[in-house]
Structure formats: C-alpha cells, structure tokens
Q: 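Structure provided below as structure tokens; questions to follow.
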Amino acid sequence: MRIIAGEYRGRRLLAPEGKDIRPTTDKTREALFSILMNEIPDARVLDLFAGTGALGIEALSRGAAGCTFIDQSRAAVRLIRENLAACGPEAERRACVCASDFRRVLAGLDEPFDIILMDPPYGQRLWRPAMEIIAENRLLTPGGVLVCEHRREEELPGEIVGFVRQKERRYGISKLSIYRCYAPDDMII
C-alpha cells in the first residue's frame, strides 16, 4: 500500500498481517479521492473503522486540515500511528487517533466533520448505527460528504437519517456509497 497523491505521495504504508483488517485497495482509494478532489482541501475528516488509516492519511496528504481516526482494534491503532509517523511530524500533529468502540467515540465528539469516511467490517451492517449516531449528534456539516465502503452485493438505502446518496461506484468486491448531508433543520432522525 502507498499514498497515491499529495504531500506524502509514494510513502509506503504498513499493511496488516492476517485478515482482521481489510485495507481499501489503491485503485479504490485513487477513484474515491478523484471524486472527492474538490472537497478535501482544509476539510475536517473522520476516518471511521480506520484499519490502517490509509483513507485518512490520503486525505491529509491531499490537504485536509485534520483527521480523526477511530478503530476499536489495538492492532489497528498501532498500525495507524506507525503509518502516521512514517509520514512525519506534520501528519501526526494534524491527526487524532482514538482506540475505542465507534459508538462511544462518536457520542463524545462535539464538532462536525466535512467528510466522513467509513469502512466498517463487511457483513455486520455497522454502517446503519454509525450513520444514526452521526445524524443524531450532527457530526457531518450541512452539505458534507459521507462515504461508506461496503460489500458489492449489499444495498444501502438511497436516503437514511438525513443523508441522501449521490453516487455509487463498484470496485472489485467493494462498493462506495457516497452521501450528502441535508441542512440540520431538514434532518430526519
């Protein structure tokens, strides 16, 4: 795995051993960040179910103001910290890494993000409770983007708790569902 573009372009990222963490492929990341190209500069980003941190680090590399990484796995958190360190002190300064269950961390956040990148474990439907907590706590700015990577066969709703799907893209066994946030007054909880 490597960073595809931006300040940290070409940096190799550590990949996990075994199958506990399933990193987003370089091809899928490249396609995703082509879609998000104009959204990234100066954005506050949340990398939820972060795994290796590749999505959030790619956002930092392309000019995001900061990124919060959340994963409950201690091994994943260690990997994220090592990958941030490989990108240098500036990347580490602009990052916050949380090792806990996503529900607990999301409930404790008090500032919204411009972009939320979610890559939950396949087949567990964790995208639904995550999106519900994000909507309930208004963790995505009005007009903000939420991206959920999921198994290709799994269909996510076109609209859910105030988020409206704008695009779907398939890459191998994965699918990206890209949502926009309604203005807070229009949120459906």
Side-chain angles (χ1 to χ4, degrees), residues 1-102 104-106 108-122 126-127 130 134 139-141 144-150 169 171-172 174 176 178:
M1 270 190 330
R2 63 184 172 80
I3 298 297
I4 297 161
E7 183 179 350
Y8 313 129
R9 181 176 186 228
R11 300 267 172 95
R12 293 260 172 224
L13 298 177
L14 297 173
E17 294 180 16
K19 296 182 180 182
D20 290 341
I21 300 172
R22 176 196 34 78
T24 301
T25 66
D26 287 356
K27 179 182 177 181
T28 303
R29 261 187 303 117
E30 186 169 10
L32 171 61
F33 283 95
S34 290
I35 293 167
L36 297 178
M37 177 177 17
N38 296 324
E39 311 281 341
I40 297 292
D42 299 318
R44 291 191 68 235
V45 177
L46 173 63
D47 188 349
L48 187 55
F49 310 101
T52 64
L55 291 175
I57 294 170
E58 188 74 46
L60 290 172
S61 182
R62 293 171 184 245
C67 184
T68 299
F69 298 84
I70 300 172
D71 203 295
Q72 73 176 15
S73 162
R74 298 270 179 218
V77 167
R78 190 170 32 260
L79 202 54
I80 293 164
R81 289 193 171 128
E82 289 176 17
N83 283 332
L84 284 164
C87 293
E90 179 64 18
E92 292 177 291
R93 185 188 64 73
R94 293 173 23 222
C96 174
V97 183
C98 302
S100 188
D101 179 76
F102 74 94
R104 180 176 297 130
V105 178
L106 290 177
L109 295 173
D110 57 5
E111 287 191 43
F113 296 90
D114 303 303
I115 299 170
I116 297 177
L117 306 168
M118 295 191 331
D119 187 6
Y122 283 1
L126 293 176
W127 52 266
I134 290 165
L139 294 177
L140 188 60
T141 57
V145 177
L146 185 147
V147 178
C148 183
E149 181 176 343
H150 53 98
R169 298 290 186 268
Y171 303 97
S174 299
L176 297 176
I178 302 168

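Note that the structure is predicted; figures quoted are calculated from it, not measured.
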Q: Indicate yes or no: at least one non-hydrogen side-chain atom of Leu36 is less than 4.5 angstrom from one of Arg62.
A: no

Q: What distance separates Ile115 CD1 from Ile40 CD1, expressed to the nearest 0.5 Å?
A: 3.5 Å

Q: Pick from Leu117, Leu146, Ile116: which one makes a side chain to side chain contact (heavy atoms under 4.5 Å, CB included) with Leu46?
A: Ile116

Q: Could you state the interatomic distance from CG (Asp42) to CG (Asp114), rounded to the nearest 0.5 Å?
A: 9.0 Å

Q: Under the 3.5 angstrom rule, does the side chain of Arg44 hit a backbone N or O of Pro112 as a donor-acceptor pair?
A: yes

Q: Starting from the C-alpha separation in whole Å, work towards a yes-or-no answer on side-chain contact (heavy atoms from CB on, under 4.5 Å) for Arg78 and Arg81.
A: CA-CA 5 Å; Arg78 190 170 32 260; Arg81 289 193 171 128; 5.9 Å; no

Q: Report the residue from Ser100, Cys96, Cys98 that forms a side chain to side chain contact (heavy atoms under 4.5 Å, CB included) with Ile70.
A: Cys98

Q: Taking side chain as C-beta onward, heavy atoms only, is Thr68 less than 4.5 Å from Val105?
A: no

Q: Of all heavy-atom pairs between Phe69 and Gly56, which one has the smallest distance, and what is that distance?
A: CE2-CA, 3.6 Å

Q: Answer yes or no: is there a side-chain heavy-atom contact under 4.5 Å between Ile57 and Cys87?
A: yes

Q: Any chance you could lay out the side-chain contact (heavy atoms from CB on, under 4.5 Å) test for Asp71 and Leu79, step after step, and finish with the verdict?
A: CA-CA 11 Å; Asp71 203 295; Leu79 202 54; over 6 Å; no

Q: Starting at CG of Asn83, measure out to CG of Leu13 and round the result to the nearest 0.5 Å.
A: 4.5 Å

Q: I need the minimum non-hydrogen distance between Ile134 and Met118, along with the two atoms involved.
A: CD1-SD, 4.1 Å

Q: Rounded to the nearest 0.5 Å, what separation is found between the CG atom of Asp101 and the CG atom of Leu126?
A: 8.5 Å

Q: Name all residues meeting the salt bridge (charged side-chain N to carboxylate O under 4.0 Å, His left out) criterion together with Arg169; count only those two or more places apart in sequence or in a different chain, and write none if there are none.
A: none

Q: Does Glu90 form a side-chain contact (heavy atoms from CB on, under 4.5 Å) with Leu60? I'd like the steps, not just the answer.
A: CA-CA 10 Å; Glu90 179 64 18; Leu60 290 172; over 6 Å; no

Q: Pick out which of Arg11, Arg9, Arg29, Arg2 makes a salt bridge (charged side-chain N to carboxylate O under 4.0 Å, His left out) with Glu58.
A: Arg29

Q: Restricting to non-hydrogen atoms, name the atom on Ser61 and the atom on Ala5 that form the minimum distance, rounded to 0.1 Å.
A: OG-O, 2.6 Å

Q: Rounded to the nearest 0.5 Å, how far does OH of Tyr171 lie from CG of Leu32?
A: 7.5 Å

Q: Which heavy atom of Gly51 sits nearest to which heavy atom of Ile80, and what is that distance?
A: O-CG1, 3.2 Å

Q: Does Glu30 come within less than 4.0 Å of Lys27, counting only side-chain N to carboxylate O?
A: no

Q: One pair to check against side-chain contact (heavy atoms from CB on, under 4.5 Å): Thr52 and Leu14. What are the steps and the verdict?
A: CA-CA 7 Å; Thr52 64; Leu14 297 173; over 6 Å; no

Q: In Å, rounded to the nearest 0.5 Å, how long is the span from OG1 of Thr28 to CG of Asp119?
A: 9.5 Å

Q: Check Gly63 against Arg94 and note the closest heavy-atom contact, atom names and distance.
A: C-NH2, 4.5 Å

Q: Val147 versus Ile35: any side-chain heavy-atom pair under 4.5 Å?
A: no

Q: List the residues meeting ring-ring contact (aromatic ring centres under 6.0 Å, His included) with Phe49, not counting sequence neighbours, and say none if there are none.
A: Phe102

